[in-house]
Structure formats: structure tokens, C-alpha cells
Protein chains: 2
Amino acid sequence: MQSLFFAHVTKDVLEDICVHKIERQHSKGETIIQQGDPIKEFIYLKSGLVKLIRTTSENKDQIISFSKPFDFVSVFSVFSSEYYNYSVIAIDDSITCILDLEEVKRHALNNGHFAMDLMYRMSTATDHIIIDNMEIRKKQLKGRIAHILLYFARNIYKANNFELPVSRREIAEYIGMTVENVIRTLSEFRKDGLIKIYGKEILILNEKFLEEVSEHG
Amino acid sequence: MQSLFFAHVTKDVLEDICVHKIERQHSKGETIIQQGDPIKEFIYLKSGLVKLIRTTSENKDQIISFSKPFDFVSVFSVFSSEYYNYSVIAIDDSITCILDLEEVKRHALNNGHFAMDLMYRMSTATDHIIIDNMEIRKKQLKGRIAHILLYFARNIYKANNFELPVSRREIAEYIGMTVENVIRTLSEFRKDGLIKIYGKEILILNEKFLEEVSEHG
DNA sequence: ATTAGCTGGTGATATTTATCATGCTGCCAA
DNA sequence: TTGGCAGCATGATAAATATCACCAGCTAAT
């Protein structure tokens with residue numbers, strides 16, 4: 001646990017923090033954090049897969065990012081806001097670990113190494129969100145689809161065949177395009193021999209060319 | 001200075017940190033931070049206006065955000081990376097204050113309040129970048145232009161007439177559209193009586209309707 | 001003074017993406 | 001058993017956006 005969590009924190013401190021740790025089970029589709037709720041806990045993902053989304057004023061969902069085990073789910077806002085400005089929803093059966101936020105804050109106050117490690121971890125997480133968003137923004141439809149396929153293959157499943165954990169609609173909400181165009185583009189990739197599709201099962205046949213599409217449209 | 005900078009830090013500590021503070025002057029257009037440079041300093045903006053940009057693999061610039069005085073310029077990556085993955089460029093004559101990063105880190109280690117305040121400030125900054133990016137992403141051309149006009153009017157200049165600090169090209173790099181369409185849309189707003197334009201001078205005539213366009217296209 | 005380059009501007013046209021319509025499947029509840 | 005609803009899929013068409021071409025004004029460098 002220590003090596004996965006914090007690098008410079010002694011075991012004593014860790015145990016002290018985690019003594020009040022609670023684990024929660026969430027089944028697929030369950031809301032873990034609701035946008036607008038007060039922030040009282042500090043949460044990280046132990047197993048499963050979740051999405052961070054925000055509901056816009058027109059009541060449409062935008063997916064901000066995905067989080068995999070040992071990512072913080074309380075990624076942003078935790079230290080800068082009273083209320084969550086995003087929701088977290090399980091897209092696979094998941095287990096979260098919940099720490100009391102006040103306790104975490106107290107430890108950060110008293111232990112500089114803990115605070116620095118926390119800062120490092122949260123900063124890394126938000127960095128990725130920002131850079132990833134900029135990457136997606138600069139691409140057009142095909143590049144964005146290629147991007148998300150490679151994202152799941154490389155970052156989440158580390159394999160060229162995997163079961164898509166998200167619906168076509170969710171892909172659309174992540175890359176900011178319509179469902180129809182997501183479907184069409186996946187079909188096109190299939191026809192062009194870049195991938196094979198059986199429902200949610202994806203097999204990447206030509207990773208190199210997919211990479212090319214992701215980079216240069 | 002104290003109230004603007006950190007809320008819970010005693011004056012002693014602040015003076016200790018700022019004893020090695022250096023001020024630098026940058027004229028409009030000057031590069032303050034170069035993407036790829038090692039991160040050795042902790043920088044905040046004392047006066048002026050700057051843009052954070054990243055240069056994509058196709059050598060095009062994307063504007064990540066703008067920063068105004070007393071924002072940190074070392075917004076992200078500082079505690080999570082060895083090298084800057086963005087550049088900072090002055091878009092007005094600006095003065096930055098430079099602290100030694102190791103010194104800042106040392107103080108964060110020894111002073112929990114300082115660390116927490118730092119975390120709060122950086123978290124707030126990255127939150128804004130993320131939310132703002134999601135806001136822009138969900139809009140289309142006209143909404144994005146309306147958004148940036150209101151952004152400058154409300155957040156930067158707090159007035160309905162102001163001199164645009166950025167070129168049409170820079171607006172395009174911020175909202176992710178082409179220069180031609182930025183120009184066209186501004187002209188359209190002018191023809192529709194929403195704004196007046198004299199070169200870089202902007203006067204917002206119908207803020208309410210501009211707000212409407214920003215929200216609902 | 002002359003050219004080159006950059007910004008602002010506009011129109012015509014091509015490309016990309018959204019919208020609308022329709023169908024098909026599987027699943028769940030009445 | 002029958003709806004009804006959600007996800008996946010495809011085609012036709014409309015709307016949004018990019019691209020290309022061109023012009024004017026300004027400024028920096030030769």
C-alpha cells in the first residue's frame with residue numbers, strides 16, 4: 001500500500017490515517033459522488049473503473065476523465081471548494097476507500113512530507129486531465145475516436161483486445177461529438193480494417209495506423 | 001501582500017520566503033517560461049497579463065488559459081514534473097515575482113499552513129482551467145466568442161469597453177477555431193448590434209443577449 | 001522606396017459534423 | 001404477450017466550420 005500511495009510517508013502516519021478508512025462497494029452505474037454534494041470525504045479508487053462527469057446547464061453530461069485503481073477520485077476541488085462540481089460514477093463494479101477529509105487535512109498540516117506527496121499526486125492527476133483535454137480538443141472526429149481507443153488499450157487494459165467499458169453515448173460525451181458520429185466512425189475503422197468490433201469487444205488490428213489517425217486525423 | 005497571497009501564513013514565514021524574491025520585467029510578447037525548460041522557480045504574476053500555451057506536435061499553438069495579477073504562473077506541473085509542459089508568454093507588459101522552487105518546497109515541508117494554502121491556491125487555479133475548458137468545449141463558434149468577450153469584460157477588465165489584449169489569431173488558438181471564423185463572428189456580432197469594434201477596442205452593447213448567445217449558441 | 005510579413009477582413013467553396021428519420025435488437029415491466 | 005425503452009446502426013439532409021483565394025493596411029528590414 002505504501003509504495004502505491006505515498007512515497008515519503010512513514011508507516012505510522014499511514015496507519016494513523018487509514019485507521020478510519022472505510023471501503024465501499026459500488027456496482028456498475030452507481031453514483032459515487034454527486035455534483036453539488038458537500039465535500040466531506042477524501043476518496044480513492046481501490047478497484048474497478050469510474051468516470052468523472054459534469055452536468056451542464058442544458059442537462060447534458062460531459063465526461064471529464066476516467067480514473068483507474070489508485071487514482072484519487074477526489075481529484076480536484078477537494079482543497080479549493082466546499083462542494084463537488086462534478087459527479088463520479090462507476091462504469092465497472094468498483095471499490096472505493098474513504099478517508100475523512102478533515103483527518104487528511106489535519107495530517108497534511110502536521111506532516112510536510114504527507115502534504116507534499118498529496119500535492120504531487122493531485123497535481124499529476126489534474127495535469128493529465130488538462131493535457132488530455134487539450135489533446136482531444138485539437139483533433140477532429142476520427143482522431144478523437146482513435147485517441148480514446150488507444151487510451152483504453154494502453155492506459156487501462158494494456159492489451160489490444162478489450163471490452164469497451166463505456167457505451168457509444170459515453171464516448172460521445174467524452175470526446176464532445178454526437179453518438180451517431182461515434183458509431184459511424186467506429187464502423188468506418190472496422191471497414192478500413194483498423195479494428196474488429198463485436199458489440200463492446202474491441203480488437204485493435206492496426207495500432208500503428210490508428211496512432212497515425214490519432215495524430216494527424 | 002499577505003492577504004493577497006496566503007491566508008494562514010505568518011508574516012515571518014512570508015518574509016523568509018520572499019527574502020530571495022526577484023522581480024522580472026517582461027515586455028509584451030516576451031516568453032516568460034519556455035515549454036520543455038526545467039522547473040527551478042516558482043513564479044507568480046505581479047502585474048500585467050499572460051497566456052499559458054502549449055505547442056502541439058504539429059507546431060501549432062493552443063492557449064490553455066490566461067492569468068491575471070496574483071495568479072500563479074507556475075500553475076500546474078510545478079509539483080509533478082521536472083519540466084514545464086507549457087509556455088508562458090506576456091500579452092501585456094508584465095512583472096513577475098520569482099521564488100526559488102526548492103525554497104518554496106522546503107517551506108511547504110516545514111509549515112503545514114503554508115502547504116495547505118499553496119494547495120488551495122493551485123487547486124483553485126487548475127479547477128478553473130478544467131471547468132473553463134469544459135465550458136468552451138460544449139459551445140459552438142458563436143457561443144465561444146461570446147464566452148471569451150464576457151470573460152475579458154467580467155474577469156479581466158471589469159468593464160463593458162476594453163481593449164482586446166489578444167489578436168484574432170490568439171482568440172482562435174484559445175477557443176479552438178480558425179482565425180477567419182473568429183473574425184467573421186465578431187463582424188456578425190457587430191452587425192447584429194451586440195458589440196462595437198474599432199480594431200482592438202471592444203464595446204459590449206447588449207451584454208444580456210451576449211450572455212444568451214454564450215449559453216445557448 | 002521597396003519588399004516581405006503579419007494582422008484584419010471578406011467571399012466562394014469544400015469538408016466536417018449535427019440533425020432527423022428509420023430500423024433492428026435485447027431487455028424489462030405491466 | 002405486449003409495449004416501451006435503451007443501445008446500436010445507417011442513410012439523407014442540413015448546418016457548422018474549415019479551407020482557399022484575395023485584398024488592404026501597417027511595420028520592420030533592406
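In this text, all values refer to a predicted model and were calculated from it rather than measured experimentally. Reckoned from all heavy atoms, side chains included, excluding hydrogens, waters and symmetry mates. Chain A is the first sequence line, chain B the second, and so forth, proteins listed ahead of strands; every chain is numbered from 1.
The 5' end of DNA chain D is approached more closely, in terms of each residue's nearest nucleotide, by A:Val179 than by the other of B:Gly176 and A:Val179.
Remark: B:Phe152 pairs with B:Phe66, B:Ile148, B:Ile156, B:Tyr157, B:Phe162, B:Leu164, B:Pro165, B:Val166 by the side chain to side chain contact (heavy atoms under 4.5 Å, CB included) rule, at least two apart or across chains.
Using a 4.5 Å heavy-atom cutoff, the side chains of B:Phe72 and B:Val78 are not in contact. B:Phe79 has its side chain within reach of B:Lys105: a pair of non-hydrogen atoms, C-beta onward, lies under 4.5 Å apart.
The nucleotide range of DNA chain D contacted by chain A, defined by atoms under 4.0 angstrom from heavy atoms of the protein and reported 5' to 3', is D:dC8 to D:dA12.
The separation between B:Ile202 atom CD1 and C:dG8 atom C1' is 12 Å, rounded to whole Å. A:Tyr198 has its OH atom 18 Å from the P atom of C:dG26, to the nearest Å. Computed from coordinates, the A:Gln140 CD to C:dA14 P distance equals 18 Å when rounded to whole Å. Here C:dA18 presents its P atom at 7 Å from CG of A:Leu141, a figure rounded to the nearest Å. Atom-to-atom, CD of B:Glu170 to C1' of C:dC6 comes out at 13 Å; the value is rounded to the nearest Å. The interatomic distance linking B:Glu180 (CD) with C:dG8 (P) rounds to 12 Å, in whole Å. Computed from coordinates, the B:Ile183 CD1 to C:dG11 C1' distance equals 13 Å when rounded to whole Å. Per the geometry, CD belonging to B:Glu201 stands 16 Å off C1' belonging to C:dG8, to the nearest Å.
Remark: A:Asn181 is in phosphate contact with C:dA18, judged by side-chain N or O atoms under 4.0 Å from OP1 or OP2. Contact between the side-chain N/O atoms of B:Arg168 and the OP1/OP2 oxygens of C:dG9 is found at a separation under 4.0 Å. Dashed line: the shortest gap from a side-chain N or O of A:Thr178 to OP1 or OP2 of C:dT19 is not under 4.0 Å.
Looking at heavy-atom distances under 4.0 Å, B:Lys200 makes contact with sugar-phosphate atoms alone, never a base. Looking at heavy-atom distances under 4.0 Å, A:Arg190 makes contact with sugar-phosphate atoms alone, never a base.
With a 6.0 Å radius and a threshold of 12 heavy atoms from other residues, nucleotides or ligands, A:Gln25 has its CD atom at or below the threshold. Residue A:Lys196 places its NZ atom among 12 or fewer non-hydrogen atoms of other residues, nucleotides or ligands, all under 6.0 Å distant.
By the 30° and 60° cut-offs, the orientation of the rings of A:Tyr151 relative to A:His147 is parallel.
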N/O donor-acceptor pairs under 3.5 Å from side chains in residues 170-178 of chain B, not counting sequence neighbours:
| unit_1 | atom_1 | unit_2 | atom_2 | d |
| --- | --- | --- | --- | --- |
| B:Glu170 | OE1 | B:Ser167 | N | 2.9 |
| B:Glu170 | OE2 | B:Lys51 | NZ | 2.5 |
| B:Tyr174 | OH | B:Asp132 | OD2 | 2.5 |
| B:Thr178 | OG1 | B:Asn181 | ND2 | 3.1 |

